[in-house]
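Single-structure report; data block below.
Quick caveat, the model's predicted, so the values are computed rather than measured.
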2 protein chains.
Amino acid sequence: MLTEERHQLIRDQLAADGKVLAGELASRFGVSEDTVRRDLRELAKAGQLRRVYGGAVASAPFAAATLSQRSGHAVEEKTRLAKAAVGLLVARQSLFIDGGTTNEAIARAIPRDMELTIATNSLGVASALVDRPLVELIVLGGRYVPDLGTCVGADTLAAVAQLGADLFFLGSCGLHATRGVTAFDSAEAEVKRAMAKNSAGIVIAVTNDKLATAAPYRVAGADAIRHLVVGKTAPAATLADFQSQGAQIHFA
Amino acid sequence: MLTEERHQLIRDQLAADGKVLAGELASRFGVSEDTVRRDLRELAKAGQLRRVYGGAVASAPFAAATLSQRSGHAVEEKTRLAKAAVGLLVARQSLFIDGGTTNEAIARAIPRDMELTIATNSLGVASALVDRPLVELIVLGGRYVPDLGTCVGADTLAAVAQLGADLFFLGSCGLHATRGVTAFDSAEAEVKRAMAKNSAGIVIAVTNDKLATAAPYRVAGADAIRHLVVGKTAPAATLADFQSQGAQIHFA
DNA sequence: GCATGTTTTGCCTGTTCATGCAAGAAACAG
DNA sequence: CTGTTTCTTGCATGAACAGGCAAAACATGC
């Protein structure tokens, strides 16, 4: 029994049952529980499952996304970034906001007394805005992708094409001075490109760990960024690269 | 039984019923009440529920987001209706679900292991479905109307026109044997009409207080109703009127 | 063929985690 | 106020865990 074979069987069972038990796998594969634990550790490291005491469960990227409070990853930093990003807003502006936990934090941070028109393809952002009476909310529908928490596809693109915005809050997966803005998903990148095209300015708020990283799909060049909101500990050299390409830097 | 499994089951029951009892969970899971209490404490700490004496209830933020708890009116009756309505579903069907608290209850009651394609213009329904991995969710975008909790307008109509469904769960504002199905808002009625047109069958679940009432905007005739889900105390005479026009009556 | 390095695996060791039990505190009901 | 139920806290126990180690299997280079 090859290691890779076991990994595939584990993935299969996770897809079918949503969970696996270490002991049960060990007896099924005819190996020690230690070996199974090692397998699970590796798969968890690769993000293909979530390790729990006694076994593993299917990874729930979205659960972490919507319940961003629980997942707790950099929650405080995102809240700080959100407050700074909201400072860029002017009343009566129109905005595009796409997905991502940072953008959800921004949506929550928008003051209740500010009149805005906001179009979003993120259910998390939309939910955060439903009880803002002064926000005209436009939901950009389409095929919902659980992993992203957003709607994508032809319908979404068509809806974006009919709108224009002063600012686009771009939830960035990767940000690199030369590779520009990048996303993990092709359909997601398409929507971001459409929003960027129909916006007067792009705002990106990123946590430090995303600075100077790149994902597969290119969304826009670094020179398209109007405002860049970062934490105070962001590396100055990287920021200078973006600044030289026209981005205003804002510290949170 | 993994700890995580119990947590998920607790979340599920909370989403469906709005409450859980410590003792009942303990016997269902086959663990001590102490363990259940620990589970509840952890979930409460993560903000996923609100702890109360004897068990737990759905947390306030979530309830507010879906606006179901807020309108706390007839919650139990709606939960009962929802469970009965879900009984009409067959795996792999495609559904339209529009807005309303009863429809949100139905969305929450959909079993996690059922494969469905669901198109909705209600943010509450969409939110309730985001963590159902087997549900292909299509969000019908458009102008969001806070009072309705749904998207309406030309964009919504265009999106509906491109789709078809086996069943349409119509959130009814008024239901009358001769006036048919009616709504309070003109734009809302338009969307409902479009969904009705593109569906093979219409399902309406109503609380007793809406039976035999009418709102200004007509959506469809009573003869368009395929399934009518009502409480056991619904007046037989009214039901007979609907039944004679082709509706199957289901008691919750 | 032989020596060397790598990978995989099982076992051992100390540590962490989940659970049930017991005792006292708090909340509830009458 | 009193008794009962539910809750928290501390503790003991066994299961699950990570890391280190060594043997076996495998690959690599001479």
Side-chain angles (χ1 to χ4, degrees), chain A residues 1-61 63-64 67 69-73 75 209, chain B residues 1-63 69 72 75-76 79 112:
Chain A
M1 160 98 51
L2 278 70
T3 305
E4 187 53 37
E5 214 174 333
R6 288 197 310 271
H7 286 194
Q8 189 53 50
L9 289 171
I10 292 172
R11 275 188 287 260
D12 288 349
Q13 190 179 336
L14 266 178
D17 301 350
K19 66 151 189 176
V20 292
L21 303 176
E24 189 240 327
L25 289 176
S27 62
R28 208 175 95 205
F29 296 155
V31 296
S32 73
E33 294 200 12
D34 300 70
T35 302
V36 170
R37 273 192 275 272
R38 258 183 283 253
D39 289 338
L40 295 180
R41 226 180 300 172
E42 286 170 33
L43 289 170
K45 196 167 184 179
Q48 304 189 33
L49 52 78
R50 193 159 57 84
R51 194 77 170 80
V52 297
Y53 201 85
V57 296
S59 67
L67 310 170
Q69 223 69 354
R70 169 183 61 165
S71 89
H73 173 60
V75 171
D209 59 329
Chain B
M1 160 96 57
L2 297 168
T3 305
E4 186 59 33
E5 245 179 313
R6 289 196 310 270
H7 287 192
Q8 187 56 51
L9 290 170
I10 292 172
R11 277 189 288 259
D12 287 350
Q13 189 179 336
L14 266 178
D17 299 351
K19 65 160 187 179
V20 292
L21 303 176
E24 189 239 327
L25 289 176
S27 62
R28 209 175 99 205
F29 297 154
V31 297
S32 73
E33 294 199 11
D34 300 73
T35 301
V36 169
R37 274 191 273 272
R38 256 184 283 253
D39 289 338
L40 295 179
R41 224 181 302 167
E42 286 171 34
L43 290 170
K45 196 167 185 179
Q48 302 187 32
L49 52 78
R50 195 161 54 84
R51 195 77 171 78
V52 297
Y53 200 85
V57 296
S59 70
F62 173 76
Q69 214 75 352
V75 172
E76 285 164 23
T79 306
R112 294 185 65 82

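In this structure, Arg6(B) reaches the dT19(C) phosphate: one of its side-chain N or O atoms is under 4.0 Å from OP1 or OP2. At dT9(C), one or more side-chain N or O atoms of Thr3(A) fall inside 4.0 Å of OP1 or OP2 (strictly under the cut-off). At the phosphate of dA18(D), OP1 or OP2 sits under 4.0 Å from a side-chain N or O atom of Arg41(A).
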If you apply the rule salt bridge (charged side-chain N to carboxylate O under 4.0 Å, His left out), what do you find for Arg11(A) with Glu4(A), and how did you get there? CA-CA 11 Å; Arg11(A) 275 188 287 260; Glu4(A) 187 53 37; 2.9 Å; yes

List the steps and the verdict of side-chain contact (heavy atoms from CB on, under 4.5 Å) for Arg37(A) and Arg51(A). CA-CA 9 Å; Arg37(A) 273 192 275 272; Arg51(A) 194 77 170 80; 3.3 Å; yes

Begin with the C-alpha distance, continue with both residues' side-chain angles, and end with the deciding distance and a verdict on side-chain contact (heavy atoms from CB on, under 4.5 Å) for Asp12(B) and Arg112(B). CA-CA 8 Å; Asp12(B) 287 350; Arg112(B) 294 185 65 82; 2.8 Å; yes

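Between the side chain of Arg38(A) and the base of dG10(C), at least one donor-acceptor pair of N or O atoms lies under 3.5 Å.
In this structure, CE of Met1(B) is placed 17 Å from C1' of dA15(D), rounded to the nearest angstrom. The distance between atom CG of Leu40(B) and atom C1' of dT8(D), rounded to the nearest whole Å, is 13 Å. Atom-to-atom, CD of Glu4(B) to C1' of dC17(C) comes out at 15 Å; the value is rounded to the nearest Å. Going from atom CZ of Arg37(B) over to atom P of dC7(D) covers 5 Å, rounded to whole Å. Glu33(A) has its CD atom 17 Å from the C1' atom of dG19(D), to the nearest Å.
Of all heavy-atom pairs spanning Ser27(A) and Glu24(A), the tightest one is OG-O, 3.0 Å. Of all the heavy atoms in Leu40(B) and Ala56(B), the pair that sits closest is CD2-CB, 4.2 Å. Among all heavy-atom pairs drawn from Val57(A) and Leu14(A), the shortest one is C-CD2, 3.5 Å. Nearest approach of Tyr53(A) to Leu2(B), heavy atoms of both residues: O-CD2, 3.2 Å.
Between Gln13(A) and the options Gln8(A), Arg28(A), Lys19(A), a side chain to side chain donor-acceptor pair (under 3.5 Å) holds for only Arg28(A).
Remark: Glu33(A) CD to Asp39(A) CG distance equals 12.5 Å, nearest 0.5 Å.
Here Val36(B) lies out of heavy-atom contact (under 4.0 Å) with every strand.
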N/O to N/O distances under 3.5 Å, protein versus nucleotides 24-28 of chain C:
unit_1: dA27(C); atom_1: N3; unit_2: Tyr53(B); atom_2: OH; d: 3.3

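Comparing the axis of the opening five pairs of the helix from dG1(C)-dC30(D) to dG30(C)-dC1(D) with that of the closing five pairs yields an angle of 40°, rounded to 10°.
Residue-to-nucleotide proximity on DNA chain C shows that, of Val31(B) and Asp39(A), the 5′-proximal contact is made by Asp39(A).
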